[in-house]
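Notes to accompany the following structure.
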Amino acid sequence: MAKAGIFSLLYPLLLSALVLNCHCQERKLHIVYMGGRPQEDVSVAAKHHSMLHRVLGSASAARDSLVHSYGRSFNGFAAKLTQEEAARISEMEGVISVNPNRMFKHHTTRSWDFMNLTTDKVGDPQESDVIIGLLDTGVWPEHPSFNDSGFGPPPAKWKGTCMTANFTCNNKIIGARYYNSENAYYDGDIPSPRDSEGHGTHTASTASGVEVEASYFGLAKGIARGGVPKSRIAVYKVCWAFGCSSADILKAFDDAIADGVDIISVSLGSDWPDDYFDDPIAIGSFHAMRNGILTSNSAGNSGPFPVTVSNYAPWSLTVAASTIDRKFVARMQLGNGQIFTGITINTFDLNGTSYPLIWGGDAANYTIGSSPDIAKYCITGAMNADIVAGKIVFCEALWDGSGILLANGVGTIMADVLVENPDVAFSWPLPATLISPEDGKIVLEYIKKHRVGASTSFIFSALVHFFASLFNKFITYMEHFLFRNPIATIFYSDAWKDAMAPIVVSFSSRGPSPITPDILKPDITAPGVDILAGWSPLSPSSIYYGDERSTLFNIISGTSMSCPHASGAAAYVKALHPNWSPAAIKSALMTTAYVMDPRKHNDLEFAYGSGQINPVAARDPGLVFDASETDYINFLCKQGYNTSTLRLVTGDNSTCASISLGRAWDLNYPSFSLYVEDGQPITGTFTRTVTNVGAANSTYKASLYMPFLVSVTVEPSILTFSAIGETQTFTVNVTGPAISQQPITSGAITWTDGTHVVRTPLVVYNYIPGAPYNLDSGESMAPGSTPTFQHSSVYQKIGSIGRRKAHP
């Protein structure tokens, strides 16, 4: 009995010790940080695997332990380790820290929170009086982002209508029209305001959508919303599968202005510059301005090349695209344990199962005339389905995945020498990742080292398919270990925090303005990369147009995505200041913008304009640079526009009567742009007038920052106000030596009263007006051609993601 009693006392202690020992031996995810990315040409994944091998004792244990390998921007890895193993790794050379993994809350559709427009800052009653008109592909009216629960009737000012052909409006979507002047309908087009493309639903929900649970096939799960959830939406469908007719665009502007919208959002544009009054968007936005409506436009997806910015009229807001602090990555793992990470959206979960890995060039469809030199790119129809079936294929080009999908492949790993450092993630219709060209070389070397002959592989593949229904996974591993064929797997995407954000994305079109380089364009940047928002269930859910999966939300990128962010921000300001002019709202957004880091952008303001929008600060800018129709007409007169034409626009025969030709330095614009022809000295005088919208009694002092090459003076440098609405004028003189072949250099003039900070960028650069469009490129738009709506770069500019270089 005594022994039993002692045992009963010791039992809890023994059990506790056992439990503690079990917990100590339990492998949990740890993050090993090793500082900056190695400069030498080594595979960091191999280094990480080697470190784990030393601690864990075997290659298989190391392979099973490694979860992430960081090596694109910094060095480190995440692995499942016991406390003892973590301690041993922490003592290794080169290791800075080892920390247990922690859980963070979901921050879905982070773009608005990233700009500090959090849910607690929206919802004022007056926001429901603001109407955002969207010229796009229509919307999906039943989408939960457009639920009208809690909304009252439309504002009394609303004069629009709802075309009810296969469409129903509500108190959120208060108007809907569609236009098809060509009377042409492709497969999938719906003759109604209903969206079958997805683009319009995405932009509308980004600007104005209500709060809703959202994810993209389970990825980025959380709450999605627009910038001003209580605002109303008016839909103007001008874009179809074939593009957007300029006649329809102008008609939509005509209707939207008359219907009573407050903000017009236009995520479309031409690929070629036109004079202001040859451009339907410039014309429409001019008339919107005349009626007190600000037009927000996408800058275009033709970057990073200079002078590619579109929608550059000074009376509209031109919006570039930048990143947010979240990026999506998809890892892949080879049979030897090496792990590589790609900037990719992969929503397919292979559950860690490895599959045979082949090179696309080994699966050529010779029957249709393909060859290894063609098949290595995995082009649709070029692949031998008998060889590809059941395998992951390494492809040497960025493609839409259809070549592997239609050949019954399991997945694809892509590396393209034209795509270095991709800065935007795409989604594919099958498990996929896009790795760097350097990592691609390692993958290809692994395949060639371990592969068996193509004929042997074909015969064995036939056997694999025959027995697959019985023991598929066993056969896969037998194929690898007995025949030493390469294997790989692709993991479900992770969301990583991007500490470098915001950065203007490579595809975002750059300035200067092709028509008026005296006006700095783009005006501003906004989130336009990897944006989760609403989608049409009829539209393909990935880069492949044949993808039949249906989704109500999608993650895409483009200046089409940044534009509605600026539209929402403008609506947010308009709600508080309903009587402000379009120029005042635009000025507030520009002068309060977050300052971008010039060290991350070689093209400086030609990439980001005044900076990234800061909607909360824009509601109280202190001073605004206002401009009226008369100011813009005087600007056009000085630019040499036909007097008769301008008089027809204004209806005033005195237009341009006393104005001589000259530079655009006196247009009351909230930025300063001075181009200098080669060999000429830097010289320019700008006149600006600011209106006090802050405290009645206030004094603003100017401060300057410019590179040493440029001298800037501001007269007067102190502005004193005694009333709201009072105006003050100042002059900026810019001088410097003669310069030639100089890229953009920039600084800023900042006014502050101790509370408000009013910042205006100033840029100086060499330029010949009209360059490079004075060259005969053969790309000018033919008469009658139509601009296309700027899809995400996923759809139109696949080759321009990241920094490109020529094929070797």
For this session: Check step by step if side chain to side chain contact (heavy atoms under 4.5 Å, CB included) holds for I413 and L357.
Result: CA-CA 9 Å; I413 298 166; L357 174 65; 4.1 Å; yes

Taking the side chain from [X] and the backbone from [Y], do they hold a donor-acceptor pair closer than 3.5 Å?
| X | Y | result |
| --- | --- | --- |
| T137 | G200 | yes |
| S65 | A62 | no |
| T559 | S298 | no |
| H565 | M561 | yes |
| Y185 | A241 | no |
| S493 | T344 | yes |
| D498 | K327 | no |
| W140 | L538 | no |
| R326 | I324 | no |
| H202 | G534 | no |

For this session: Decide ring-ring contact (aromatic ring centres under 6.0 Å, His included) for Y216 and F553; before the verdict, give the C-alpha distance in whole Å, the side-chain angles of both, and the deciding distance to 0.1 Å.
Result: CA-CA 6 Å; Y216 177 62; F553 296 91; 9.9 Å; no

Problem set entry | Cationic tip of R549 above F217 ring, under 6.0 Å, 45° of axis | yes

Problem set entry | Derivation of the side chain to side chain contact (heavy atoms under 4.5 Å, CB included) call for F348 and V410 | CA-CA 10 Å; F348 298 89; V410 170; over 6 Å; no

Problem set entry | H450, K448, K449 screened by side-chain contact (heavy atoms from CB on, under 4.5 Å) with Y446, the one that passes |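 Result: among H450, K448, K449, H450 is the only option passing the side-chain contact (heavy atoms from CB on, under 4.5 Å) with Y446.
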
For this session: Walk me through it: do H30 and F77 pass the test ring-ring contact (aromatic ring centres under 6.0 Å, His included)?
Result: CA-CA 8 Å; H30 286 72; F77 60 91; over 10 Å; no

Problem set entry | NZ/NE/NH1/NH2 to OD/OE distance under 4.0 Å, E396 and K441 |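 No, this pair does not count.
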
